[in-house]
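Both ligands and their constituent atoms are indexed starting at 1 by order of listing.
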Amino acid sequence: MQLSLLTEVTDRQRLFDSTSAKEIAAYAASGGTIHCAKGCGGCCTLAVNCTAPEALLIGNSLDKPQLERLDRYIQRLKAKLSSAIDLKSYLRIHRKELGGCPFLEESSCTVYDSRPLSCRSLLSTKESHWCSADFSELSREEKQSFMESLDRSHVAFPMHYLAATQNLAQEMENQLAMVMMQESGLAIYGSMPVLVYLFAECNLAGAIADGVDAVRAFAALTGFDNPFTLQVETL
Ligand code: SF4
């Protein structure tokens, strides 16, 4: 993958952050509050996805302790993947069994400057405990009350995160996939920690240079030929 692709990522991250600041200001002007703050890692126990170029950017920035932490996380994830029989169980494993994102330390993001668009886009319109709540454990009345409390004109209903930033992140992820497709003839999307690991520790970039069949073989060899962890698109 060309280094110019990394510039495509950082340019979009900068644009995202400035646009996001305007969205937060507009939401505040309408009477809303964004509750995200330093030291809150509630949403970092979700399954986080990103595009391959975003993962490459993070992979290039990691030091040895971060890589060791990532390696341990990947071993835990691999051990659990066989029990992820559907999306619901895959998401639940992240929430309940993996201990949060491998880049989260003492409730702070250690890759904050290069974190992916999906992380940047999660801006909570509700208090932080809702970001780590397991909705499957709530009663029907509690769920109903939560949903009635949401500002449907601003959130990505039925979630409590701001819709405008989620839509913008989706649009920019599509653009990055398109740029990668034009450059490599394929685009990769999937689990952020898995993609970072495959770039940093297994030479995913080499497989991409060898084409789509090499990428599919690489995914099988590394144990990540699983639609929840790695998706490959071609023209
Ligand atoms: S990359 Fe950072 S912001 Fe994103 S889930 Fe991990 S710790 Fe949280």
Does the side chain of Gln166 come under 3.5 Å of the side chain of Gln170 through a donor N or O and an acceptor N or O? no
Inter- and intrachain pairs under side chain to side chain donor-acceptor pair (under 3.5 Å), touching residues 26-51, at least two apart: Thr45-Arg95, Thr51-Glu54
Tell me the side chain to side chain donor-acceptor pair (under 3.5 Å) pairs involving residues 75-89, sequence neighbours left out? Lys80-Glu97, Asp86-Ser89
State whether the number of non-hydrogen atoms from other residues, nucleotides or ligands found under 6.0 Å of Gln175 atom CD is greater than 12. yes
Enumerate the protein N/O/S atoms at a distance below 2.8 Å from atom 6 (Fe) of ligand 1, ignoring waters. Cys101 SG
Please check: side-chain N/O of Gln231 versus main-chain N/O of Pro227, any donor-acceptor pairing under 3.5 Å? yes
Anything under 3.5 Å between a donor and an acceptor, one on a side chain of residues 101-113, the other on a protein residue two or more places apart or in another chain? List them.
{"unit_1": "Thr110", "atom_1": "OG1", "unit_2": "Gln66", "atom_2": "NE2", "d": "3.4"}
{"unit_1": "Thr110", "atom_1": "OG1", "unit_2": "Phe103", "atom_2": "O", "d": "2.8"}
{"unit_1": "Tyr112", "atom_1": "OH", "unit_2": "Arg115", "atom_2": "NH2", "d": "3.4"}

